[in-house]
Amino acid sequence: MEIPKQFVPGEVEERIYALWEGEGHFRADPASGKPPYVIVIPPPNVTGALHTGHAMFVTLQDILIRWRRMQGYDALWLPGTDHAGIATQMVVGKELEKQGIRREDLGREAFVEKVWEWRREKGDTILRQLRRLGASCDWSRTRFTLDPDLSRAVRKAFVDLYREGLIYRGEYMVNWCPRCGTALSDLEVEHAESRGTLWTIRYPSPDGGEGVTVATTRPETMLGDTAVAVHPEDERYRSLVGRTVVLPLMNREIPVVADAMVDREFGTGAVKITPAHDPNDFEAGKRHGLPRVVVIGLDGKMTAEAGPFAGLDRYEARKAVLKRLEAEGLLVGTSVHQNAVGHCQRCDAVVEPAVSTQWFLRIEPLAEPARRAVEEGRIRIIPDHWRKVYLNWMREIHDWCISRQLWWGHRIPAFSCKACGKAAGENDPERLLVSMEDLSACPYCGGPVEQDPDVLDTWFSSQLWPFSTLGWPEETEDFRRYYPTTVMETGYDILFFWVARMIMAGLKFTGQAPFKDVFLHGLVRDEKGRKMSKTLGNVVDPLELIDTYGADAVRFTLAILCVPGTDVALDTRRMEGYRAFANKLWNAGRFVLLQCGERLPEEPHPSLLSRWDRWILAELDRTAQEVNRALEEFKFYEAADLLYHFVWHRYCDWYVEVSKVGLNGPPERKEATRYVLLSVLDGILRLLHPFMPFVTEALWEKMPGRTGRLVEAPFPAPASPPPPDGSVERLMDLITAVRTLRTEKNLPPGRMLPLHVAPLDESAAALLDESAREEVSALARVSPVRVGGEAPPGERWLPGVAGAFRFHLERPEVDGAAAAAETARLEGELKKLAAERDKFAAKLRNPAFVEKAPPEVVAKNRAILEDYERKVREVEALLRNRGA
RNA sequence: GGGCGGUUAGCUCAGCGGAAGAGCGCCUGCCUUACACGCAGGAUGGCGCGGGUUCGAAUCCCCCACCGCCCACCA
């Protein structure tokens, strides 16, 4: 059997993935009789390309799914994509613009058809890319938010909420993106702190008097002012309340009103009121019955109401207004002012508060149960601190603007009648104008109807994802079996956007929490911890990473970097290390398989196992136990780290090395060693498979006696390994000490040197049986190994101490000049040892410590002290020997 | 303006009440017949500052200082 020296991921990944998929290992089976374990994928945008965020969730979710599948669960990982309203419309819109086609010219229907074309062409790209990472999704259940059945779920949700009065329509101040031409929810507005200017403007009295001075960051909105407000208890302005001032540039008289919303300390203590362009003023306007003058249109340009400024862009208008005010001497001051400006999440344009008629979802009745579900622990949020963030947000949550002035998405199933004027949301006493089926005539008067042109916020459909994908509102077999799902795993950046809303919707529509555990991973950043962005040029393409390092290394890196509560700094140098790890495993496998051939070694009688055999088997059990525990706690980094160290630093560095002695031994020893080598490798492949599915499956194919695929092999169950007796560790100490001495003294590694070992107690003596001497000989490259008695005298013999052993290593040539250096080295060591010893001695002399510390801690410290005391004694003895 | 993280080896980060850790990097030797994507060894730390609690603090509490994030309708 030929096995290449290096593991080349590119040569196996595609083949192995095809095997898994072709053989149907990813398909969930409702009839399996196994307990279900379900994760629904956070659906990527249809038009999206794989980025590191996707790589992260694919890695973590696939680890969970593969682990549970191997544990015997009916694991379902349900994949799919999101239509991503604004994002997709923008992408396709831009693409069409490149061809010189404007969306508006195309018209709604033709445009939407173009988007569908786009989706048919490119929509599967992202899903194919997920496969490259080894994602074991059940592709037979792939869903898309605009699929007919999912659209039906969306419609059902809307209709139910409307009928219950939880969805309403009205004219309110909303966040408006002038570039995207649509309303946005609060969450879609990103606030960016910026250094702005605070201008103070004087509004004179009608009689030409002083009037009042107001402060504003947005002078262009003054054109729409319909009042000035002061605090009711502000002495400075008491006489002005109830009178009017003249709005400059517009020459309109506007009243001065008293309102407690005014902060007397800020600015001049007088606030201009623009009910049409500021959320606070909008409310104030309602309180005081002020007219709303719209001066900025939905396109971001000044309206006819802006008089001489009509037609100007809002920022041009700002400049023009300031110029005019200055010319008229009414601009009294400017100062630097820090404030947060809202930007559109999608296009980054400055969001405009605008009055418009939109659909809203009343949130409080939904939020309350969602809050309780988390408070009462029916849903667990991990890491815990996100729980607090969730609860805080849920307490302050506002109604959700769900309508979007877009074409791509779920059209709102609301109608209005042209004949009788009845309209959904406004004048629909029997709530007939929103329904599951499209209306062709007015249910009130039979007149002609038309449908609301708006579509729903993408997140409105996303919030139904955990159940709409399983068939809801139908009681399908999948829905009954796989809902509620088990784990929701996603990035914390969409906790509010998505997770919170799924919880609300799940409880509302299914009466059940949609999942039990929410695990929120950190965001992937560059190697310096900076956010990845195109402008910084530090974006890492996961596909390139897979090409360079292999999917296994990419996954392992992401997993081992995933510490709950922390963002991930993706360092490619580190990834090199895990590619090396995959290769290390590959070569360990190669060694074992070459030793065993095609034959499955016979299971040895327990009495034939060596101390190393028992040790590595126990370590394997312990590792399996810890890995299971870590995964249950979503501590991916810990599980990965445990495996890395077990495989490399215990199995490879020690067991495989020492096995070479056993493989040269008598037949039973040889057979037992082979057996242990192979069974530990078997355990490693199983444990590592969720993390590195490709290498492990590739090696599994070559394992003698294997049945089936690793992807469905049982995961090592928690076991209780026998307590370690420490004998292996003591031999390791001896071997390491000898190696250290060798390296320090620069003794040729290729040459065997005689070693003399003096055990310091009975158990140490018992340890040094014939096989131990062979092992020390092989691993420390010393020979012969003599045991017992006093050390041979003379300067040829280099002294050392390791745990319960004193030893001497013979050097090839006598180098008289170096003798003093050896003494100096030993003296230095003695000093360090004595210092440590004194530290512990002092601690143990402290009566408070001895009395109050737990007994096991005192005992441990005492053992450490004794160890140091012995070492000090031995080194002293060595020094005396040399002196003599 | 509220809230939340972080500050530990040159770099990226674990540890979160009882001998300071990992990976990478660095230094010294080695092509020892699984692996040079390797082997063996080594160096490197006032655990942000200042207080407190404790027999004992990187770990718990308080204060401060930087760095970062989230939420928020103070013009």
Side-chain angles (χ1 to χ4, degrees), chain A residues 3 5-7 173 186-187 191 198 214-218 221 229 261-263 265-268 270-274 278-283 337 339-340 342 353 385-386 388-389 392-393 396 398 492-493 495-496 523 527-529 531 549 553 557 560-561 563 565-571 573-595 637-638 641 644-645 652-653 656-657 660 736 739-744 746-750 778-781 836 839-840 843 846-854 856-858 860-861 864-865 867-868:
Chain A
I3 306 177
K5 234 165 108 163
Q6 280 205 350
F7 173 63
M173 180 135 294
D186 294 346
L187 284 177
H191 291 93
L198 186 69
V214 299
T216 182
T217 52
R218 304 195 55 199
T221 63
M261 85 178 214
V262 179
D263 176 359
E265 308 299 315
F266 190 90
T268 61
V271 188
K272 59 191 271 313
I273 302 293
T274 323
D278 181 276
N280 278 316
D281 297 3
F282 179 76
E283 294 301 323
H337 179 68
N339 69 337
H385 99 266
W386 289 112
K388 285 184 276 178
V389 175
N392 270 335
W393 186 74
E396 288 164 24
H398 301 300
Y492 64 74
D493 53 331
L495 173 60
F496 304 145
L523 270 29
E527 74 282 358
K528 290 186 185 125
K531 214 171 191 162
Y549 303 101
T557 308
I560 208 163
L561 291 176
V563 177
T566 326
D567 284 347
V568 170
L570 190 61
D571 188 343
R573 278 187 322 191
R574 196 148 177 179
M575 203 166 286
E576 276 172 35
Y578 299 119
R579 172 180 57 187
F581 178 53
N583 191 57
K584 184 77 181 175
L585 175 68
W586 178 257
N587 276 289
R590 197 159 77 101
F591 174 79
V592 173
L593 296 171
L594 288 173
Q595 297 308 321
Y637 73 98
E638 202 181 321
D641 192 58
Y644 181 90
H645 279 100
C652 291
D653 285 354
V656 169
E657 287 311 315
K660 290 169 184 171
T736 303
R739 284 167 169 174
T740 304
L741 187 57
R742 254 192 113 111
T743 309
E744 272 179 1
N746 218 344
L747 300 175
L779 297 186
R781 308 194 59 74
E836 284 301 306
K839 210 167 88 186
F840 283 90
K843 196 170 176 182
N846 180 352
F849 171 69
V850 180
E851 281 160 30
K852 296 197 180 172
E856 65 273 16
V857 173
V858 177
K860 191 179 167 195
N861 277 270
I864 295 166
L865 173 63
D867 191 44
Y868 277 121

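Not measured: the values here are computed from a predicted model. We name chains A, B, ... by the order of the sequence lines, and we start the count at 1 in each one.
Between the CD atom of A:Glu657 and the P atom of B:U32 there is a distance of 12 Å, given to the nearest Å. Atom P of nucleotide B:C4 and atom CG of A:Leu495 are separated by 16 Å, given to the nearest angstrom. At whole-Å resolution of the value, CZ in A:Arg742 and P in B:A40 are 14 Å apart. Atom NE2 of A:His385 is separated from atom P of B:G5 by 6 Å (rounded to the nearest Å). A:Leu523 has its CG atom 13 Å from the C1' atom of B:G68, to the nearest Å. The separation between A:Lys388 atom NZ and B:G3 atom C1' is 10 Å, rounded to whole Å. Distance, A:Asn861 CG to B:G18 C1': 7 Å, rounded to whole Å. Rounded to an integer number of Å, the gap from A:Lys660 NZ to B:A40 C1' is 13 Å.
Judged by distance alone with a 3.5 Å cut-off, a donor-acceptor contact links the side chain of A:Gln6 to the base of B:C37.
Here A:Lys584 lies in heavy-atom contact (under 4.0 Å) with a base. If you check every strand for non-hydrogen atoms under 4.0 Å, A:Asn846 touches sugar and phosphate atoms only. Counting non-hydrogen atoms under 4.0 angstrom, A:Thr566 reaches the backbone sugars and phosphates but no base. Among the heavy atoms of the strands, none lies under 4.0 Å from A:Val214. A:Ala340 comes within 4.0 angstrom of a nucleotide base, judged by non-hydrogen atoms across all strands. Counting any heavy atom pair closer than 4.0 Å across all strands shown, A:Ala853 reaches a base atom. Heavy atoms of A:Tyr492 sit nowhere under 4.0 angstrom from any nucleic acid atom. Using a 4.0 Å heavy-atom criterion, one finds that A:Val656 contacts the bases of the nucleic acid, with or without backbone contacts as well. A:Pro854 comes within contact range of at least one nucleobase, with a heavy-atom separation under 4.0 Å. Residue A:Asp493 is out of contact with every strand shown, counting any heavy-atom pair closer than 4.0 Å. Within the 4.0 angstrom heavy-atom criterion, no nucleotide atom of any strand lies near A:Tyr549. Backbone-only engagement by A:Arg590 is indicated by non-hydrogen atom pairs under 4.0 Å involving sugar-phosphate atoms exclusively. Residue contacts for A:Val563: at a heavy-atom cut-off of 4.0 Å it reaches the sugar-phosphate backbone alone, with no base atom in range.
Nucleotide B:G68 forms a pair with B:C4, judged by Watson-Crick or G-U wobble geometry with both contacts under 3.5 Å. Under the Watson-Crick and G-U wobble criteria, each requiring two contacts below 3.5 Å, nucleotide B:U53 is left unpaired. With a cut-off of 3.5 Å on both Watson-Crick or G-U wobble distances, the partner of B:C13 is given as B:G21. The partner of B:C30 is B:G38, judged by Watson-Crick or G-U wobble contacts that both fall below 3.5 Å. In this structure, B:U59 makes no Watson-Crick or G-U wobble pair, since no nucleotide meets both defining distances under 3.5 angstrom.
In this structure, CZ in A:Phe591 is found 5.0 Å from NZ in A:Lys660, a value given to the nearest 0.5 Å.
Note: A:Tyr578 and A:Tyr644 have perpendicular aromatic rings, judged against thresholds of 30 and 60 degrees for the angle between ring planes.
Note on A:Arg573 versus A:Glu576: no salt bridge recorded, every NZ/NE/NH1/NH2 to OD/OE distance being 4.0 Å or above.
Taking each heavy atom of A:Ile3 and A:Leu593 in turn, the nearest pair found is CD1-CD1, 4.0 Å.
For B:G41, the OP1/OP2 oxygens have a side-chain nitrogen or oxygen of A:Arg739 closer than 4.0 Å. Under 4.0 angstrom from either OP1 or OP2 of B:A75 there lies at least one side-chain N or O belonging to A:His337.
With contacts defined as side-chain heavy-atom distances shorter than 4.5 Å, the pair A:Glu638/A:Val563 does not qualify.
Among B:G18, B:U12, B:A40, the nucleotide with an atom closest to any side-chain atom of A:Val857 is B:G18.
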Test side-chain contact (heavy atoms from CB on, under 4.5 Å) on A:Leu779 and A:Arg739 and set out the steps. CA-CA 9 Å; A:Leu779 297 186; A:Arg739 284 167 169 174; 3.8 Å; yes
